[in-house]
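Step one of this worksheet: look at the structure below.
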Amino acid sequence: MPPGAEAQRTGLEPLLGGSLRQKAVWVDEAVCIGCRYCAHVATNTFVVEPDWGRSRAIRQDGDTTELIQEAIDTCPVDCIHWVAYEQLPRLQQQLADQEILPLGVPSPARPKRTLPRREPS
């Protein structure tokens with residue numbers, strides 16, 4: 001390649017495994033219940049975040065499209081989605097702006113529920 005010439009991106013670069021998907025995979029962590037199904041199915045794409053106990057997509061090229069789709073299909077709360085690559089920065093910012101508590105910790109914003117007590121008869 002001559003000096004100063006820019007390389008043309010084709011999506012077939014070895015770094016991308018030879019192909020470029022049309023969509024990216026995204027986990028809505030606010031909905032995730034931490035079941036770990038996706039991380040067991042597509043081990044190179046999903047990981048359960050240790051502090052919050054929710055799944056996160058860590059690599060877009062970690063597994064085949066079929067394996068990622070299988071992980072999406074196993075999700076019991078439907079929190080994993082295919083999105084356009086252009087949406088990822090907005091979704092990441094939206095996630096950063098949300099208050100997400102670790103799973104299993106009650107939220108202080110929610111009133112404590114108590115069962116109705118009946119008077120002894």
Side-chain angles (χ1 to χ4, degrees):
M1 181 183 315
E6 283 191 37
Q8 294 292 324
R9 300 280 180 188
T10 65
L12 301 175
E13 290 80 23
L15 180 64
L16 297 174
S19 65
L20 182 63
R21 284 193 189 95
Q22 297 299 315
K23 298 278 186 173
V25 66
W26 172 257
V27 179
D28 185 351
E29 293 182 36
V31 178
C32 180
I33 60 171
C35 70
R36 303 173 190 263
Y37 292 160
C38 60
H40 289 295
V41 173
T43 57
N44 295 318
T45 300
F46 301 101
V47 68
V48 176
E49 203 277 328
D51 294 328
W52 307 111
R54 291 173 167 84
S55 183
R56 182 173 291 165
I58 57 167
R59 287 187 63 183
Q60 294 296 327
D61 63 343
D63 293 294
T64 64
T65 303
E66 292 78 19
L67 199 57
I68 293 172
Q69 186 60 51
E70 182 180 342
I72 291 171
D73 293 340
T74 64
C75 180
V77 293
D78 195 29
C79 69
I80 308 170
H81 309 284
W82 290 110
V83 298
Y85 279 99
E86 296 80 27
Q87 291 180 311
L88 285 179
R90 182 183 57 80
L91 290 169
Q92 290 168 341
Q93 183 59 45
Q94 179 183 335
L95 182 62
D97 293 341
Q98 290 177 338
E99 180 185 2
I100 297 179
L101 297 175
L103 290 173
V105 176
S107 171
R110 294 185 199 149
K112 183 178 176 184
R113 290 176 144 179
T114 57
L115 295 174
R117 304 282 183 212
R118 291 193 296 168
E119 295 295 322
S121 45

message: Test your reading of the model: is there a side-chain donor-acceptor pair from Asp63 to the backbone of Asn44, 3.5 Å cut-off?
response: yes

message: Which residues end up grouped with Val41 if you chain together Ile, Leu, Val, Met, Phe, Trp and Tyr wherever their side-chain heavy atoms are less than 4.5 Å apart?
response: Leu67

Give, for atom [atom1] of [X] and atom [atom2] of [Y], the distance between the pair rounded to the nearest 0.5 Å.
X	Y	atom1	atom2	result
Thr45	Asp61	OG1	CG	8.0 Å
Glu49	Ile58	CD	CD1	11.5 Å
Arg54	Ile33	CZ	CD1	10.0 Å
His81	Cys75	NE2	SG	8.0 Å
Asp73	Asp78	CG	CG	9.0 Å

task: Could you check Gln69 against Glu66 for side chain to side chain contact (heavy atoms under 4.5 Å, CB included), going step by step and ending with a plain yes or no?
output: CA-CA 5 Å; Gln69 186 60 51; Glu66 292 78 19; 5.7 Å; no

Determine the minimum heavy-atom distance between [X] and [Y], stating which atoms define it.
X	Y	value
Ala39	Val48	CB-CG2, 4.2 Å
Thr74	Cys38	OG1-N, 4.3 Å
Val25	Leu88	O-CD2, 4.5 Å

task: Identify whether Tyr85 and Leu95 are in the same connected component of the hydrophobic contact network (ILVMFWY, side-chain heavy atoms under 4.5 Å).
output: yes

- prompt: Do you reckon Ile72 sits in the same ILVMFWY cluster as Val27, going by side-chain contacts under 4.5 Å, direct or chained?
  reply: yes

- request: Among residues two or more places apart or on two chains, list those pairs meeting salt bridge (charged side-chain N to carboxylate O under 4.0 Å, His left out) that have a residue in residues 24-35.
  value: Glu29-Arg56

message: Between Gln92 and Trp26, do the side chains contain a donor N or O and an acceptor N or O under 3.5 Å apart?
response: no

